[in-house]
Peer 1: 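This is the structure, below, for whatever I ask next.
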Amino acid sequence: MTAPAAAALSGVAVVTGAAGGIGAEVARALVAAGLPVALLDRDIPALWELAAELDAAGEGVLAVATDVTDSADVDTAVAKVEGELGPIAYLVNAAGVLRSGQAAELTDEEWDITFAVNAGGVFHTSRAVARRMVPRRRGAIVTVASNAAGTPRMAMSAYAASKAASAMFTKCLGLELAGHGIRCNVVAPGSTRTPMLTALQGDAAERASIAGVPDAFRLGIPLRRIAEPAHIADAVLFLLSERAAHITMHDLTVDGGAALG
Ligand code: NAD
């Protein structure tokens, strides 16, 4: 997180998936920048643990147990955030799930939960926040999608398709909200060192992903390392900040060059 981007941020921020690897790092960076931050996640023990850590680091940290697949739950959470912290200026959609497996073997349940969280969750939260931002003519939204949204990956069809949906939804929203002074952008990480990646890969597969073994991943990582969550948080904070004041509907890939573009 660079100091100038932090200096160009002010107002209340909401982070979904805040208890996860990337969401927590984004939340830490926003608290370090001095912002009141609402942490939304369905993993209640992890959420309270992060809230305790961040409470000690900043002011105005609010944890709200929320399931982003439930639009009523999301609406209630967003109302609670505005009631307790004030008008929301920033939203980061980082909640996500990954169910891997060959398409022919995927169950209906795996497909449905993938789309319910990764696409439906982004819709529910962005809609709830956008409705409040529009009359104020101020706000920025960043959706954490994936480089898999634009590059086919082995055994990731549901995940990649859901991420493509969330990325395009976010860009369409950006078009609709641009006239209201609200920017909507996408950050597309590649492999990032978080619990999601650990669950997917294990060490041997992580090495294969860096080297580019075709059975594991179609492409390697030209910069030869897995991203740290802070690399993703830096990109998110930049796109939220006034330093990105003329950037909207953009998809910023942060993957060490893995997508080759
Ligand atoms: P993670 O598993 O550490 O965190 C995901 C968080 O989302 C968890 O805290 C989980 O409880 C929360 N979540 C899941 N379903 C939810 C629901 N219904 N309601 C509320 N919260 C819910 O994973 P991460 O790596 O930090 O992933 C963050 C985002 O980055 C995800 O959208 C993921 O798809 C994306 N991403 C991750 C990688 C990677 O390699 N780690 C790569 C590309 C994109």
Side-chain angles (χ1 to χ4, degrees), residues 1-18 20-40 50 54 57-62 78 81-82 85-96 122 125-126 128-130 132-147 166-167 169-190 192 194 227-256:
M1 176 53 231
T2 59
L9 286 158
S10 70
V12 174
V14 174
V15 181
T16 76
I22 290 172
E25 200 60 25
V26 169
R28 286 187 189 100
L30 290 166
V31 167
L35 272 58
V37 179
L39 314 168
L40 274 55
L50 180 69
L54 293 183
E59 287 174 24
V61 174
L62 177 68
V78 166
V81 173
E82 292 225 332
L85 296 182
I88 296 166
Y90 308 111
L91 168 65
V92 180
N93 289 306
V122 170
T125 314
S126 301
V129 168
R132 291 166 182 269
M133 287 176 169
V134 164
R136 300 195 286 258
R137 300 189 58 78
R138 177 175 183 229
I141 295 173
V142 171
T143 294
V144 181
S146 169
N147 66 354
S166 74
F169 168 78
T170 301
K171 288 190 262 188
C172 289
L173 186 66
L175 181 59
E176 294 179 8
L177 298 187
H180 300 282
I182 298 160
R183 298 179 298 104
C184 302
N185 289 293
V186 176
V187 167
T192 306
T194 71
E228 299 300 331
H231 292 129
I232 313 306
D234 275 346
V236 170
L237 261 70
F238 166 68
L239 286 172
L240 291 178
S241 79
E242 278 304 302
R243 287 168 61 88
H246 209 47
I247 302 175
T248 193
M249 293 172 266
H250 187 67
D251 195 330
L252 178 55
T253 300
V254 186
D255 70 351

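FYI, side chains are in, hydrogens and waters are out, and symmetry mates aren't considered; it's all heavy atoms of this structure.
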Peer 1: Take V78 and R132 through the side-chain contact (heavy atoms from CB on, under 4.5 Å) test and state the conclusion after the steps.
Peer 2: CA-CA 9 Å; V78 166; R132 291 166 182 269; 3.5 Å; yes
Peer 1: Given side chains that start at C-beta, do those of C184 and L177 come closer than 4.5 Å, heavy atoms only?
Peer 2: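 SC-SC contact between C184 and L177 confirmed.
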Peer 1: Name the residue from L239, L240, D234 that meets the side chain to side chain contact (heavy atoms under 4.5 Å, CB included) definition with V236.
Peer 2: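 Going through the options one by one, the only one that passes is L240.
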Peer 1: Which heavy atom in G23 sits nearest to a heavy atom in A94, and how many Å separate them?
Peer 2: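 That closest heavy-atom pairing would be CA-CB, 4.1 Å.
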Peer 1: Against V186, only a single residue in D251, L252, T253 fulfils side chain to side chain contact (heavy atoms under 4.5 Å, CB included); can you say which?
Peer 2: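 Single side chain to side chain contact (heavy atoms under 4.5 Å, CB included) partner of V186 among D251, L252, T253: D251.
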Peer 1: Could you grab the distance from atom CG of D255 to atom NE2 of H231, nearest 0.5 Å is fine?
Peer 2: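 Output value for this atom pair is 12.5 Å.
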Peer 1: Assess the residue pair V61 and V31 against the criterion (side-chain contact (heavy atoms from CB on, under 4.5 Å)); give the C-alpha distance rounded to whole Å, side-chain angles, the decisive distance to 0.1 Å, and a yes or no.
Peer 2: CA-CA 8 Å; V61 174; V31 167; 4.0 Å; yes
Peer 1: Which atom pair, heavy atoms only, marks the closest approach of N185 to T170?
Peer 2: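 Taking N185 first and T170 second, the nearest heavy atoms are O-CG2, 3.5 Å.
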Peer 1: Is a side-chain donor or acceptor of R243 paired with a backbone partner of L9 at a separation under 3.5 angstrom?
Peer 2: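 Here the side-chain-to-backbone pair does not exist.
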Peer 1: How many angstroms lie between CG in L91 and OG1 in T143, if you round to the nearest 0.5 Å?
Peer 2: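 So the CG of L91 and the OG1 of T143 are separated by 7.0 Å.
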Peer 1: Testing the basics here: between S126 and I141, what is the closest heavy-atom pair and its distance to 0.1 Å?
Peer 2: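 Scanning both residues completely, I find the closest heavy atoms to be OG-CG2, 4.3 Å.
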Peer 1: Quick one: does T16's side chain have a donor or acceptor within less than 3.5 Å of a partner on A95's backbone?
Peer 2: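 Checked: pair present.
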Peer 1: Is R183 reaching over with its side chain to a backbone N or O of S241, donor-acceptor style, under 3.5 angstrom?
Peer 2: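 Here the side-chain-to-backbone pair exists.
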Peer 1: Ignoring hydrogens, what is the shortest heavy-atom contact between V81 and A38? Give both atom names and the distance.
Peer 2: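 For V81 and A38, the tightest heavy-atom pair comes out as CG2-CB, 3.5 Å.
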Peer 1: Of all the heavy-atom pairs spanning A18 and L50, show the shortest one and how long it is.
Peer 2: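 Taking every non-hydrogen atom into account, O-CD2, 3.1 Å.
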Peer 1: Quick check: closest heavy atoms across V12 and P87, and the distance to 0.1 Å?
Peer 2: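 The answer is CB-O, 3.3 Å.
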Peer 1: Any side-chain to backbone donor/acceptor pair from R136 onto A89? Under 3.5 Å, distance only.
Peer 2: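 Between the backbone of A89 and the side chain of R136 there is no qualifying donor-acceptor contact (under 3.5 Å).
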Peer 1: Look only at the side chain of Y90 and the backbone of S10, and say whether a donor-acceptor pair between them is shorter than 3.5 Å.
Peer 2: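 Side chain of Y90 to backbone of S10: a pair is present.
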Peer 1: Start with the C-alpha gap between I232 and V26, add the side-chain angles, then the distance that decides, and say whether side-chain contact (heavy atoms from CB on, under 4.5 Å) holds.
Peer 2: CA-CA 8 Å; I232 313 306; V26 169; 5.8 Å; no
Peer 1: Using the rule given for side-chain contact (heavy atoms from CB on, under 4.5 Å), can you reason through I182 versus E176, listing the C-alpha separation, both sets of side-chain angles and the distance that settles it, and then say yes or no?
Peer 2: CA-CA 9 Å; I182 298 160; E176 294 179 8; over 6 Å; no
Peer 1: Got a second to check how far I22's CD1 is from E228's CD, nearest 0.5 Å?
Peer 2: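 Reported value, rounded in 0.5 Å steps: 11.0 Å.
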